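Quick caveat: nothing in here was measured; it's all calculated off a predicted structure.
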Amino acid sequence: MTAITPEILLRAYRAGIFPMAEDASATELFWYDPPERAVLPLDRFHVPGRLARTIRKRPYRITADRDFSAVIAACAAPNAAMKRGRTWINEEIAGLYTALHRQGHAHSLEAWRDGRLAGGIYGVSIGGAFFGESMFSTATDASKICLVYLAALLRRQGYALFDAQFMTPHLRQFGATEISRADYHERLRNALSLQCEFLGEFSGDFSGGISGTGTDGAGGVLDEAAMAFLHDMTQTS
């Protein structure tokens with residue numbers, strides 16, 4: 001069997017396919033192209049009122065691409081807080097996406113409290129499409145806040161597609177909808193024709209990631225994007 005490389009993985013995403021393992025100990029990967037795909041609408045993203053109020057209090061320092069390896073490792077680990085006994089992220093998956101991160105195609109958002117990683121989310125960026133992969137949380141609302149910040153950043157940078165893969169009750173509360181495979185592939189083609197950059201003009205100025213709060217990083221550019229996003233979504237909901 002041909003070994004999966006980062007280049008093959010990128011071609012698969014462009015074709016609407018993504019890999020998963022049965023569990024973290026599995027040695028084989030399987031390719032998926034679901035008949036129905038969950039997507040998060042960046043123009044009608046729903047932020048529950050209680051969560052919006054929490055975000056405005058800024059309980060965590062949110063960063064982008066500060067510690068991708070730690071995020072994917074935490075997503076791969078069993079998590080009692082998220083009622084997750086096992087995951088689909090095995091050693092090969094972790095290695096492939098870490099390689100994509102080094103190439104600038106995979107990104108993470110992190111939530112920090114008292115210098116410790118409390119939650120995060122990661123995914124793959126190609127053109128104007130972002131493919132959400134996994135998230136984790138060890139503290140209240142940390143992963144949810146990362147998801148909202150990620151949606152805000154994607155909208156700010158002009159992305160057209162936020163792929164969430166499979167529908168879950170967790171995603172549905174943010175306005176996720178299911179679309180057919182044919183509809184998804186059409187949206188994907190349109191999104192791939194765009195030239196979007198995950199961090200854009202910030203990527204060259206803030207090595208090691210950009211920060212949503214505090215004095216380091218981009219001076220609160222993530223907070224700025226998130227607050228504007230909350231205002232816009234409130235006005236359109």
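Aromatic ring centres of Phe45 and Phe162 lie farther apart than the 6.0 Å criterion allows. Taking the six-membered ring for Trp and the full ring otherwise, the centers of Phe136 and Tyr122 sit at least 6.0 Å from each other. For Phe18 and Tyr13, the gap between ring centers reaches or exceeds 6.0 Å.
Other residues, nucleotides and ligands place more than 12 heavy atoms under 6.0 Å from the CZ atom of Arg181.
Note: His101 and Phe68 have parallel aromatic rings, judged against thresholds of 30 and 60 degrees for the angle between ring planes. Relative orientation of the Phe130 and Tyr159 rings is perpendicular, given thresholds of 30° and 60° on the angle between their planes.
The nearest pair of heavy atoms linking Ala152 to Ala226 is CB-CA, 3.7 Å. Minimum interatomic distance between Ala15 and Leu188 (heavy atoms only, all atoms of both residues): C-CD2, 4.2 Å. Residues Leu96 and Pro6 approach most closely at CD2-N, 3.9 Å, considering heavy atoms. Taking both residues in full, the closest heavy atoms of Trp112 and Thr63 are given as NE1-OG1, 2.8 Å, listed atom of the first, atom of the second, then distance. A pairwise comparison of heavy atoms in Ser143 and Ser137 identifies OG-CB, 3.5 Å as the closest pair. The shortest heavy-atom contact between Cys75 and Ser134 is CB-OG, 3.5 Å.
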Worked verdict on Tyr149 versus Asp223 for side chain to side chain contact (heavy atoms under 4.5 Å, CB included)
CA-CA 8 Å; Tyr149 269 71; Asp223 275 339; 2.3 Å; yes
Full working for side chain to side chain contact (heavy atoms under 4.5 Å, CB included) between Glu7 and Gln103
CA-CA 10 Å; Glu7 290 68 30; Gln103 295 176 8; 3.5 Å; yes
Evaluate the criterion side chain to side chain contact (heavy atoms under 4.5 Å, CB included) for residue pair Ile55 and Tyr60; output intermediate values, then yes/no.
CA-CA 9 Å; Ile55 291 173; Tyr60 303 102; over 6 Å; no
Yes or no on side chain to side chain contact (heavy atoms under 4.5 Å, CB included) for Tyr184 and Val39, after CA distance, side-chain angles and deciding distance?
CA-CA 9 Å; Tyr184 173 78; Val39 296; 4.3 Å; yes
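Rounded to the nearest 0.5 Å, atoms CD1 (Ile72) and CD1 (Ile121) are 12.5 Å apart. Residue Arg66 holds its CZ atom at 12.0 Å from CG of Leu117, rounded to the nearest 0.5 Å. The CG atom of Leu161 lies 8.0 Å from the CG atom of Leu192; values are rounded to the nearest 0.5 Å. Between Arg155 atom CZ and Leu40 atom CG the span is 13.5 Å, to the nearest 0.5 Å. Atom CD1 of Ile126 is separated from atom NE2 of His105 by 7.0 Å, given to the nearest 0.5 angstrom. Summarising the geometry, atom CG belonging to Leu109 is positioned 6.0 Å from atom CG belonging to Leu222; distances are rounded to the nearest 0.5 Å.
Looking at Asn90, its side chain does come within 3.5 Å of a backbone N or O of Glu92 through a donor-acceptor pair. Remark: the backbone N or O of Glu197 is paired with a side-chain donor or acceptor of Gln157 at under 3.5 angstrom. The closest donor-acceptor contact from the side chain of Ser193 to the backbone of Asn190 lies under 3.5 Å. A donor-acceptor pair is defined here as one N or O able to donate and one able to accept, closer than 3.5 Å; such a pair exists between the side chain of Asp65 and the backbone of Ser108. Here the side chain of Thr138 pairs a donor or acceptor atom with the backbone of Ala118 at under 3.5 angstrom.
Contact of the Leu154 side chain with the Ser125 side chain is not registered, since no non-hydrogen atoms from C-beta on lie closer than 4.5 Å. With a 4.5 Å cut-off on side-chain heavy atoms, Arg172 and Met167 count as touching. By the 4.5 Å heavy-atom criterion applied to side chains, Phe174 and Pro48 are counted as neighbours. You'll find the side chain of Cys146 stays beyond 4.5 Å of the side chain of Met135, heavy atoms only. Between Phe166 and Leu171, the closest side-chain pair of non-hydrogen atoms is not below 4.5 Å. Contact annotation: the side chain of Arg11 never approaches that of Ile17 to less than 4.5 Å [non-hydrogen atoms, C-beta and beyond]. Taking 4.5 Å as the limit, some side-chain heavy atom of Arg56 sits within range of a side-chain heavy atom of Leu230.
Annotation: side-chain hydrogen bond (donor to acceptor under 3.5 Å, both in side chains) contacts of Thr54 (sequence neighbours excluded): none.
Between Glu110 and Arg61 no salt bridge is recorded (no basic side-chain N to carboxylate O distance below 4.0 Å).
No path of Ile, Leu, Val, Met, Phe, Trp and Tyr side chains, each step under 4.5 Å between heavy atoms, connects Leu194 with Leu10, placing them in separate hydrophobic clusters.
Listed by first and then second residue, the salt bridge (charged side-chain N to carboxylate O under 4.0 Å, His left out) pairs that reach into residues 132-147 are Arg50-Asp141, sequence neighbours excluded. Within the structure, the salt bridge (charged side-chain N to carboxylate O under 4.0 Å, His left out) test picks out the following pairs touching residues 158-170 (sequence neighbours left out): Arg37-Asp163.
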